[in-house]
Protein chains: 2
Amino acid sequence: MARPSKIDKDLAVSEAMQAIWSDGYAATSVKAMSERLGITRSSYYNAFGSQEALFKAALTSYAALSPDHVLAEIDDDEPILPLITVMFKTICRVRAEDRHHRGCMIVNALAELAGSHDELGPFLEDWILQSAARLEHLLTIAIQNGELPADTDAHAKALALQASLLGLNTLSKALHSEAELWITAKASLKGLGLFAEAN
Amino acid sequence: MARPSKIDKDLAVSEAMQAIWSDGYAATSVKAMSERLGITRSSYYNAFGSQEALFKAALTSYAALSPDHVLAEIDDDEPILPLITVMFKTICRVRAEDRHHRGCMIVNALAELAGSHDELGPFLEDWILQSAARLEHLLTIAIQNGELPADTDAHAKALALQASLLGLNTLSKALHSEAELWITAKASLKGLGLFAEAN
DNA sequence: TTCATTTTGTACATATATGGACAAAACCAG
DNA sequence: CTGGTTTTGTCCATATATGTACAAAATGAA
């Protein structure tokens with residue numbers, strides 16, 4: 001039907017994701033990414049539209065692989081707390097195993113772009129607020145499940161949990177030991193009364 | 001003795017600090033900052049040496065005004081926990097009052113530069129780890145003071161507290177209400193058993 | 001009023017970066 | 001093998017960005 005593309009689009013998005021994760025949004029310019037992908041800027045614009053558009057595609061690609069993806073998949077009738085604990089444990093492991101200690105791409109992007117990029121700033125702010133809202137929903141379920149006391153303040157705990165997530169991911173850029181990260185995560189979870197070993 | 005400078009150096013550093021805080025390190029290029037300060041790049045290099053050097057000067061200028069500066073000034077014989085609580089409350093207030101919701105300049109810089117900037121990355125990582133060590137020291141004092149139980153795990157709590165600090169500052173870029181931020185901070189502090197109203 | 005000092009302004013060479021315009025190329029269906 | 005479609009490659013004009021080099025300017029001290 002038409003001239004074939006030199007590149008595999010999904011693969012390119014995935015490579016862009018890795019680049020943005022490593023170097024941030026500003027450093028992965030259209031010129032730089034085009035050269036990295038082995039295409040011209042002309043093809044870049046044709047395939048992805050803009051740097052912002054490719055960033056959003058890369059974000060989706062990242063989100064699917066990110067440890068906190070499990071939050072989106074929890075069924076309302078399964079135990080919540082063990083999954084949250086496992087998620088934190090997973091974060092500690094993957095952040096420590098990352099040789100370049102890149103932390104979380106979304107948290108990095110939020111720090112870089114919120115307040116300075118007109119389109120992506122608000123987009124990322126929304127993302128985080130929705131993540132917090134999702135946590136609050138899950139904690140509410142956990143209260144109904146009897147996993148948490150009935151008088152638990154789900155709103156406050158969800159926000160504190162979200163802050164812990166952001167903090168743990170940021171901290172992982174400076175603190176590279178999985179054991180130390182897990183000490184951090186465990187203390188946060190236990191403090192909030194949300195720690196639960198998996199069976 | 002010599003030709004006078006067009007600018008006040010301290011003032012320039014302070015203005016650079018504001019610019020970096022707003023736009024990040026990459027966006028405050030030598031060219032951009034020179035123009036903002038009304039000097040030539042030639043003068044910039046002469047006065048500050050390099051972008052990295054000006055960044056470090058700006059960081060010092062920022063640190064002196066930052067809410068967590070109180071941590072450096074605590075005497076070992078005064079109550080620790082109320083000061084930590086006040087610090088968190090102050091963070092919530094100043095982050096919410098900042099019309100541009102820039103969060104914490106150091107946390108932003110850590111997210112932007114750790115892992116990608118050869119000199120400033122490790123510099124910022126050190127900064128955060130030393131902040132965590134300072135917190136651990138203060139919690140140790142608090143145990144000796146009797147403010148905390150003798151069996152308190154100062155190391156774990158200090159790390160969790162540091163993560164909360166990082167997370168709260170990052171969250172403040174998306175969550176702009178002082179009340180909501182304070183709910184977050186209070187839940188974190190109470191969870192860690194570190195909440196203490198001031199007298 | 002000369003001299004030493006430091007800052008300033010201009011120039012240079014080079015690299016990065018943007019986004020659109022337009023022709024040529026490569027494919028497939030009919 | 002022709003025609004429709006989409007991608008590619010090249011060109012354009014312009015802006016940003018770096019770091020150094022060197023002469024000119026502005027000061028205070030001797």
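Throughout, a chain's letter reflects where its sequence line sits, starting with A, and its residues are numbered from 1.
For the residue pair E125(A) and L110(A), the shortest heavy atom distance occurs at N-CD1, 3.9 Å.
Look at K56(B) and E119(B) and you find a salt bridge, because one of the NZ, NE, NH1 or NH2 atoms lies within 4.0 Å of a carboxylate O, short of that distance.
Between R36(A) atom CZ and dA17(C) atom P there is a gap of 13 Å when expressed in whole angstrom units. Straight-line distance from the CG atom of D8(B) to the C1' atom of dT7(C): 15 Å, rounded to whole Å. Here the P atom of nucleotide dT6(D) and the NZ atom of K9(A) are 11 Å apart, to the nearest Å. The distance between atom OH of Y44(B) and atom P of dG9(C), rounded to the nearest whole Å, is 17 Å. What separates CG of D23(B) from C1' of dA17(D) is a distance of 16 Å, to the nearest Å. At whole-Å resolution of the value, CZ in F48(B) and C1' in dT18(D) are 17 Å apart. Taking atom CD1 of residue I39(B) and atom P of nucleotide dT6(C), one finds them 18 Å apart after rounding to whole Å. Atoms CE (M33(B)) and P (dT18(D)) sit 12 Å apart, rounded to a whole Å.
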Which atom pairs, one a donor and one an acceptor, fall under 3.5 Å between side chains of residues 9-21 of chain B and the rest of the protein, sequence neighbours left out?
residue : atom : partner : partner atom : Å
K9(B)   : NZ   : A47(B)  : O            : 3.0
Q18(B)  : OE1  : R102(B) : NH1          : 2.8
W21(B)  : NE1  : G103(B) : O            : 2.8

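Counting atom types as modelled, R3(B) pairs no side-chain N or O with a base atom of dT5(C) as donor and acceptor under 3.5 Å.
For dA17(C), one of the phosphate oxygens OP1 or OP2 lies less than 4.0 angstrom from a side-chain nitrogen or oxygen of S29(A). Contact check, K6(A) against dG9(D): a side-chain N or O comes under 4.0 Å of OP1 or OP2. OP1 or OP2 of dT18(D) lies within a sub-4.0 Å distance of a side-chain N or O belonging to Q51(B). The phosphate of dA15(C) has neither OP1 nor OP2 within less than 4.0 Å of any side-chain N or O from K31(A). Remark: S42(B) is not in phosphate contact with dG9(C), judged by side-chain N or O atoms under 4.0 Å from OP1 or OP2.
The listed nucleotides are dA26(C), dT7(D), dG19(C); the one nearest the side chain of N46(A) is dT7(D). Of all nucleotides listed (dT6(C), dT18(D), dC12(D)), dT18(D) comes nearest to the side chain of V30(B). Distances were taken from every side-chain heavy atom of R41(B) (C-beta onward) to each of dA17(C), dC27(C), dG19(D); the shortest belongs to dG19(D). Minimum atom distance to the side chain of Y45(A) is reached by dT18(C), of the listed dT18(D), dT18(C), dT10(C).
Nearest-nucleotide positions on DNA chain D for A26(B) and A2(B) put A26(B) closer to the 5' end.
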| task | Could you walk me through whether H117(B) and F123(B) pass the ring pair (Phe, Tyr, Trp, His ring centres under 6.0 Å) test, one step at a time? | result | CA-CA 10 Å; H117(B) 193 290; F123(B) 180 80; over 10 Å; no

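Residues meeting the salt bridge (Lys or Arg N to Asp or Glu O under 4.0 Å) test with E73(A), sequence neighbours left out: none.
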